[in-house]
Amino acid sequence: MTAPDLFIDHFLPHPHFELVRTTIVDAPAKETYAAARELDFTDVRGGVVSAAGWLRALPERWHNRRHGPPRRPTRLTADDLDAGSEWTLLGDRPGAEFALGVAGKFWKPVITWRRVEADDFAAFDEPGFGKIVMAVSVAPYGAHRTALTVHTRVRMSDPESWLKFRRYWRIARPAIGSVHTALIRTMAAKARERALAAYTRTDQP
């Protein structure tokens, strides 16, 4: 029996751009997956990350002065993204991996987002758009540790869009990399907290 394909290989097998971060977490796979799957993205902090997010949002902030800002979320998990935004939860294998995806015109000052459901995502190829898949996977690494991976891929639908996004990617890639680093560090920290709490409960008389 062969293992199933990774979600990221199924939904976006041939990327034009990608980033991968992997770390070894001092927590079992069960706790690590739960920490990643239930992560509140508003908890992800870091000076570079905050600055990058603020700068990327400047054109939208200007736009919102004229059209009114959206309500700022106070909690933002993968499920919240799936339920309340253009992002789609493409798949979920509890205890192993999950993936989120979205289409859009990411290189524009004010991004045009497009929700594409899981059944249509792999085949979506509308000119002028690109696709992003962010996948999180865990795998046991020894008896009590876990290999945690955050993997993002981007593919554009036509040469013109590819050229436009490449210009943006060259400038933004360091900041996007910082976001990935902060994201995986936060997941790892939450996993260690969960593992410690579980150990404390079982160690009590």
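Since this is a predicted model, take the numbers as computed values, not measurements.
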(message) Arg37 vs Asp79, test: salt bridge (Lys or Arg N to Asp or Glu O under 4.0 Å). Steps then yes/no.
(response) CA-CA 9 Å; Arg37 183 67 177 80; Asp79 288 331; 2.9 Å; yes

(request) Quickly, which of Asp80, Leu183, Thr77 forms a side-chain contact (heavy atoms from CB on, under 4.5 Å) with Phe41? Name it, please. (result) Leu183

(message) Please check: side-chain N/O of Asp158 versus main-chain N/O of Gly128, any donor-acceptor pairing under 3.5 Å?
(response) yes

(message) Once you measure the plane-to-plane angle for Trp162 and Phe17, does it fall in the parallel (<30°), tilted (30-60°) or perpendicular (>60°) bin?
(response) parallel

(request) Apply salt bridge (Lys or Arg N to Asp or Glu O under 4.0 Å) to the pair Arg115 and Asp120, showing each step before the final yes or no. (result) CA-CA 10 Å; Arg115 184 178 180 92; Asp120 303 317; over 6 Å; no

(request) Could you tell me whether the side chain of Leu148 reaches within less than 4.5 Å of the side chain of Val136, counting heavy atoms only? (result) yes

(request) Check Thr88 against Asp82 and note the closest heavy-atom contact, atom names and distance. (result) CA-OD1, 3.5 Å

(request) For residues Phe124 and Phe121, establish whether the separation of their ring centroids is below 6.0 Å. (result) no

(message) For Pro15 versus Leu12, what's the shortest heavy-atom pair and its separation?
(response) CA-CD2, 3.7 Å

(request) Give me the other members of the hydrophobic cluster that Ile24 sits in, counting Ile, Leu, Val, Met, Phe, Trp and Tyr linked by side-chain heavy atoms under 4.5 Å, directly or via other members. (result) Tyr141

(request) Working to the nearest 0.5 Å, report the span between CD1 of Ile8 and CZ of Arg153. (result) 5.0 Å

(message) Counting C-beta onward and ignoring hydrogens, is there a side-chain heavy-atom pair between Phe11 and Val116 closer than 4.5 Å?
(response) no

Without placing hydrogens or testing angles, list every side-chain donor-acceptor pair under 3.5 Å for residues 185-192, not counting sequence neighbours.
residue, atom, partner, partner atom, Å
Thr186, OG1, Ala182, O, 2.8

(message) Treating Asp40 as the side-chain partner and Leu76 as the backbone partner, does any N or O pair qualify as donor plus acceptor under 3.5 Å?
(response) yes

(request) With rounding to the nearest 0.5 Å, note down the distance linking CD in Glu38 to OH in Tyr33. (result) 9.5 Å

(message) Would you say CD of Glu160 has more than 12 non-hydrogen atoms from neighbouring residues, nucleotides or ligands within 6.0 angstrom?
(response) no

